[in-house]
Engineer: 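Following this message is one structure expressed as structure tokens.
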2 protein chains.
Amino acid sequence: MQSQHDYSTCQSCAQRFNSVFCKAREEYVKAINDQKICNTFKKGQLLFNEGAYPFGVYCINEGKIKLSHQGDDGKEQIIRLLKAGDVLGYRALLSGDRYGASAVALEDTKVCFIPKEIFITVLKNDTGLAFEMMKLLSDELHKAEVKLTHLAQKPIRERLAETLLFIKETYGFEEDGITLNVRLSREEIANLVGTATESTIRLLSDFKKDGMVELDGKKIKILQHKLLLQTANLQD
Amino acid sequence: MQSQHDYSTCQSCAQRFNSVFCKAREEYVKAINDQKICNTFKKGQLLFNEGAYPFGVYCINEGKIKLSHQGDDGKEQIIRLLKAGDVLGYRALLSGDRYGASAVALEDTKVCFIPKEIFITVLKNDTGLAFEMMKLLSDELHKAEVKLTHLAQKPIRERLAETLLFIKETYGFEEDGITLNVRLSREEIANLVGTATESTIRLLSDFKKDGMVELDGKKIKILQHKLLLQTANLQD
DNA sequence: CCGCAAACATGATTTTTGTCATGTTTAATC
DNA sequence: GATTAAACATGACAAAAATCATGTTTGCGG
């Protein structure tokens, strides 16, 4: 099938060695390249919806994506933040399940869609890729279980501080070395922390008063060393 | 190496087709059998400790095990419950990481230890096992992410009801078809729900008043249909 | 540039949940 | 079977967090 947009080839992709495919054999990368379908999503656009059946995986070439659950009462819970080089959609595919979460672009994003058949075929034949996949799943599982513990045991103030540091780990800083390199609404931050929007707004103001962050609309500057103290519950 | 206790062979193990090894090829099951080290753990005994390095995986022949994190303040968070046929220790092994959680026997338990080398070798050569492993990891990841959402969004009452149903899903009922087939302390249930022990005790009493459970020490009888309503937030 | 909706902000209040205190029951050990 | 520590239970209170109410600011489309 013909690519809708051609981000050159997988072989020469800037994310080639930056993804789960880093150890994949060249011949299989080529095979994936022949089948991939590239596409762009505008900020706010849906890549796939919770409950739908997966027909392949997505590889992010450029941009940012959030993966979120819909709680029973309709409230969003953001479970992962993804960036260039990340792959998404594999969890449902490997479980033989529907998507457990929805994927939405946080900014204009370029992704390549890799059809299920070729992905599974390569996975069957390339041990390196299979092990990378298992490592990726294991790492995600570990992160989820740590987050679970924190959600159960830490107060919101600490969780917010941790979340800001997590955002920094994921997306890094802008050139100034202090501004988080992503624009999230207060509500999205709340849905990442697992709290009410108002609580997040209030605590961000507190953090500002305490000199741990600077706020300029959706631009958030963080002072890492001060936030680190906060997460360790050592603030006083 | 000689087994310390011989629970017959992996080939004839009662859990042979009940575990992640269900699709593994016979020759590899035999290879694992030659290397396995069987052992028993008394109730309360530690199989491995958070932070230690993994040297293999454990396959449960008989018994029950809890996997738990230590929160920063030392509070236990139970992240998984395991039973006969389940495998544990693979997460850290596949991540190339230390154990992220400790494993403790909930009752007298027989396990077989499968050394890292043979496990990895078989995983490399048996695609069926590798895919089962990926499915297992994907399923665990999904469960963790759903639990995360509930932890963030549901009140404790609902989470306790869900937890009781989860225990039932995992360990089932005793012969009477109503008593949960495991003995957990109130504190352990609290550490599974993610709440204070007193809250759990209080809510269990409420549940009893409302005719959703019957309590007899650590024996808990549950009325599933009533608890199901509770989880859906339809109690009133 | 204006109008408007969404996002942000903040105070007041209520609800939920955790903590502390204290007593009772249970179960393990000698 | 007495001793004793741990587990269970419950009330009173404090703390944390959500909700509700009400403005203010921001950014977008005309």
Side-chain angles (χ1 to χ4, degrees), chain A residues 42-44 71-77 106-107 149-163 182-210 213-220 230 233 235-236, chain B residues 42-45 71-77 104 106-108 149-161 163 180 182-210 213-221 230 233 235-236:
Chain A
K42 289 269 166 207
K43 177 178 173 168
D72 292 351
D73 53 351
K75 193 180 177 199
E76 173 187 53
Q77 180 68 31
L106 288 172
E107 54 185 53
T149 302
H150 289 181
L151 212 40
Q153 301 190 354
K154 294 197 167 193
I156 293 187
R157 192 179 170 90
E158 285 178 53
R159 301 214 313 268
L160 174 59
E162 267 176 6
T163 298
V182 65
R183 298 291 172 268
L184 294 169
S185 69
R186 302 292 192 263
E187 188 178 5
E188 284 173 317
I189 296 174
N191 294 344
L192 209 40
V193 174
T195 186
T197 307
E198 293 95 324
S199 299
T200 297
I201 290 172
R202 241 182 278 273
L203 280 172
L204 278 175
S205 297
D206 282 5
F207 281 9
K208 185 177 173 181
K209 271 196 209 93
D210 297 348
V213 305
E214 288 172 38
L215 303 172
D216 173 16
K218 288 196 174 57
K219 276 191 205 169
I220 299 178
Q230 191 61 233
N233 208 353
Q235 69 271 29
D236 290 338
Chain B
K42 290 270 167 206
K43 176 178 174 169
Q45 257 196 300
D72 292 351
D73 52 352
K75 193 179 178 199
E76 173 188 52
Q77 180 68 32
V104 172
L106 289 172
E107 54 185 53
D108 292 359
T149 302
H150 289 182
L151 212 41
Q153 301 189 353
K154 294 198 168 195
I156 292 187
R157 192 179 171 89
E158 285 178 53
R159 300 212 316 265
L160 175 59
T163 298
L180 291 179
V182 66
R183 300 290 172 267
L184 294 170
S185 68
R186 304 292 192 262
E187 188 177 6
E188 285 172 318
I189 296 174
N191 294 345
L192 209 39
V193 174
T195 187
T197 306
E198 293 95 325
S199 299
T200 296
I201 291 171
R202 241 182 278 273
L203 280 172
L204 279 174
S205 299
D206 283 4
F207 281 9
K208 185 179 174 181
K209 272 195 208 93
D210 297 349
V213 305
E214 287 172 39
L215 303 173
D216 173 16
K218 288 196 174 56
K219 278 191 204 169
I220 299 179
K221 295 181 204 291
Q230 190 62 233
N233 206 354
Q235 68 273 30
D236 291 336

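Below, read A as the first sequence line, B as the second, and so on, with proteins coming before strands; counting in each chain starts at 1.
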Engineer: Using a 3.5 Å distance criterion without hydrogens, assess whether the side chain of A:E107 forms a donor-acceptor pair with backbone atoms of A:K43.
Structural biologist: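 It does not hold such a pair.
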Engineer: Name the residue closer to the 5' end of DNA chain D, choosing between A:R159 and B:L184 according to the nucleotide with the nearest heavy atom.
Structural biologist: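 It is B:L184 whose nearest nucleotide is closer to the 5' end.
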Engineer: Does C:dT16 have OP1 or OP2 sitting under 4.0 Å from an N or O in the side chain of B:S199?
Structural biologist: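 Result: no.
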Engineer: Could you tell me the separation between the CD atom of A:E188 and the OG1 atom of A:T197, rounded to the nearest 0.5 Å?
Structural biologist: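 Interatomic distance, A:E188 CD to A:T197 OG1, rounded to 0.5 Å: 10.0 Å.
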Engineer: In whole angstrom, what separates A:K219's NZ from C:dC8's P?
Structural biologist: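 The answer, rounded to whole Å, is 15 Å.
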Engineer: Please report, rounded to the nearest Å, how far the P atom of D:dT19 is from the CD atom of B:Q153.
Structural biologist: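 Going from CD in B:Q153 over to P in D:dT19 covers 11 Å.
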Engineer: Considering only side-chain heavy atoms of A:I156, which listed nucleotide, D:dT10, D:dA17, C:dT17, is closest?
Structural biologist: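 Of the options given, the side chain of A:I156 lies nearest D:dA17.
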Engineer: So what does B:S205 touch, heavy atoms closer than 4.0 Å: a base, only the sugar-phosphate, or nothing?
Structural biologist: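 Sugar-phosphate contact only.
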Engineer: Are any non-hydrogen side-chain atoms of A:I156 and A:T200 less than 4.5 angstrom apart?
Structural biologist: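 Side chain of A:I156 against side chain of A:T200, heavy atoms only: no contact under 4.5 Å found.
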Engineer: Nearest-nucleotide wise, let me know which of A:E187 and A:A152 is further upstream toward the 5' end of DNA chain C.
Structural biologist: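 Going by which nucleotide is closer to the 5' end, it is A:E187.
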Engineer: Separation of A:L151 atom CG from C:dT17 atom P, in whole Å?
Structural biologist: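 Whole-Å distance recorded here is 13 Å.
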Engineer: Where the side chain of A:I201 is concerned, which of C:dC8, D:dA17, C:dT17 is the nearest nucleotide?
Structural biologist: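 Among the listed nucleotides, the one closest to the side chain of A:I201 is C:dC8.
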Engineer: Between B:D108 and B:K42, does at least one N-O distance fall below 4.0 Å, as a salt bridge requires?
Structural biologist: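 Yes, this pair counts.
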Engineer: Between B:N191 (CG) and D:dA7 (P), how many Å, whole number?
Structural biologist: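 Rounding to the nearest Å, CG of B:N191 and P of D:dA7 are 12 Å apart.
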Engineer: Atom CD of B:E198 to atom P of D:dC8: distance rounded to whole Å?
Structural biologist: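 These atoms are roughly 12 Å apart.
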Engineer: Would you tabulate the pairs of protein nitrogen or oxygen atoms and nucleotide nitrogen or oxygen atoms of nucleotides 26-29 of chain C closer than 3.5 angstrom?
Structural biologist:
none

Engineer: Would you name the heavy atoms of B:V193 and B:L151 that are closest together and state the gap between them?
Structural biologist: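 Closest pair (atom of B:V193, atom of B:L151, distance): O-CD1, 3.4 Å.
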Engineer: What distance do B:T163 atom OG1 and B:H150 atom NE2 have between them, rounded to the nearest 0.5 Å?
Structural biologist: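 Taking OG1 in B:T163 and NE2 in B:H150, the distance rounds to 10.5 Å.
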Engineer: Using a 4.0 Å heavy-atom cut-off, does B:T197 contact any base of the nucleic acid, only the sugar-phosphate backbone, or nothing at all?
Structural biologist: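 Nothing, no heavy atom under 4.0 Å.
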Engineer: Is the side chain of B:Q230 donor-acceptor paired with the backbone N or O of B:E158 at a distance under 3.5 Å, no angle test?
Structural biologist: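 Pair absent, no side-chain N/O of B:Q230 close to backbone of B:E158.
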Engineer: D:dA16 C1' sits how many Å from A:R157 CZ, rounded?
Structural biologist: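 Rounded to the whole Å, the gap is 13 Å.
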Engineer: Rounded to whole Å, please give me the gap between CG in A:L203 and P in C:dC8.
Structural biologist: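 Interatomic distance, CG of A:L203 to P of C:dC8: 15 Å.
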Engineer: The side chain of B:R202 lies closest to which of these nucleotides: D:dA18, C:dC8, D:dG11?
Structural biologist: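 Closest of the options to the side chain of B:R202: D:dG11.
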Engineer: Nearest to the side chain of B:P155 - C:dT17, C:dT10, C:dT19?
Structural biologist: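 Between C:dT17, C:dT10, C:dT19, the one nearest the side chain of B:P155 would be C:dT17.
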Engineer: Measure the distance from CD on B:E158 to C1' on C:dT17 and round it to the nearest whole Å.
Structural biologist: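 Answer to the nearest Å: 15 Å.
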